[in-house]
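Some notes on the structure that comes next.
Basis for what follows: all heavy atoms, side chains included, without hydrogens, waters or symmetry-related copies.
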Amino acid sequence: MFKCLNCIDWKKTAIFAGGVLFGTAGVKVLGSSDAKKFYVNCLAAGLRAKECVMTTATNIQENAEDILAEAEEINRQRNGEEEFADESQESAEAETAAEA
């Protein structure tokens, strides 16, 4: 009968029992009202952080749209000037050819 007690690994058994005890106590602690208040506060902080990030992202997107619109306007103006310059050059060449 005492030979069976020597077959048991007491270290592993003690670790298992400690884990069960710690797990049971942990469930009670995690389910307490103080823990729930902590969870709520953490979630509220996360939501505030999300709102801040979304506001920043919206501002960046609006700025990017403004920059794009300005860049497109610059290109339209530049293309208009090039077309005007091409027309001026063609008319000058036509006048030179007519004079000759």
Are Leu47 and Glu51 side-chain neighbours, meaning at least one heavy-atom pair lies under 4.5 Å?
-> no
Could you grab the distance from atom [atom1] of [X] to atom [atom2] of [Y], nearest 0.5 Å is fine?
{"X": "Asn41", "Y": "Lys37", "atom1": "CG", "atom2": "NZ", "answer": "9.5 Å"}
{"X": "Leu43", "Y": "Arg48", "atom1": "CG", "atom2": "CZ", "answer": "10.0 Å"}
{"X": "Asn63", "Y": "Thr58", "atom1": "CG", "atom2": "OG1", "answer": "11.0 Å"}
{"X": "Lys50", "Y": "Thr55", "atom1": "NZ", "atom2": "OG1", "answer": "11.0 Å"}
{"X": "Gln61", "Y": "Asp66", "atom1": "CD", "atom2": "CG", "answer": "11.0 Å"}
{"X": "Asn79", "Y": "Gln77", "atom1": "CG", "atom2": "CD", "answer": "10.5 Å"}

Please check if atom CZ in Phe38 has more than 12 non-hydrogen atoms from other residues, nucleotides or ligands closer than 6.0 Å.
-> no
Identify whether the distance between the nearest side-chain nitrogen and carboxylate oxygen of Arg76 and Glu73 falls below 4.0 Å.
-> yes
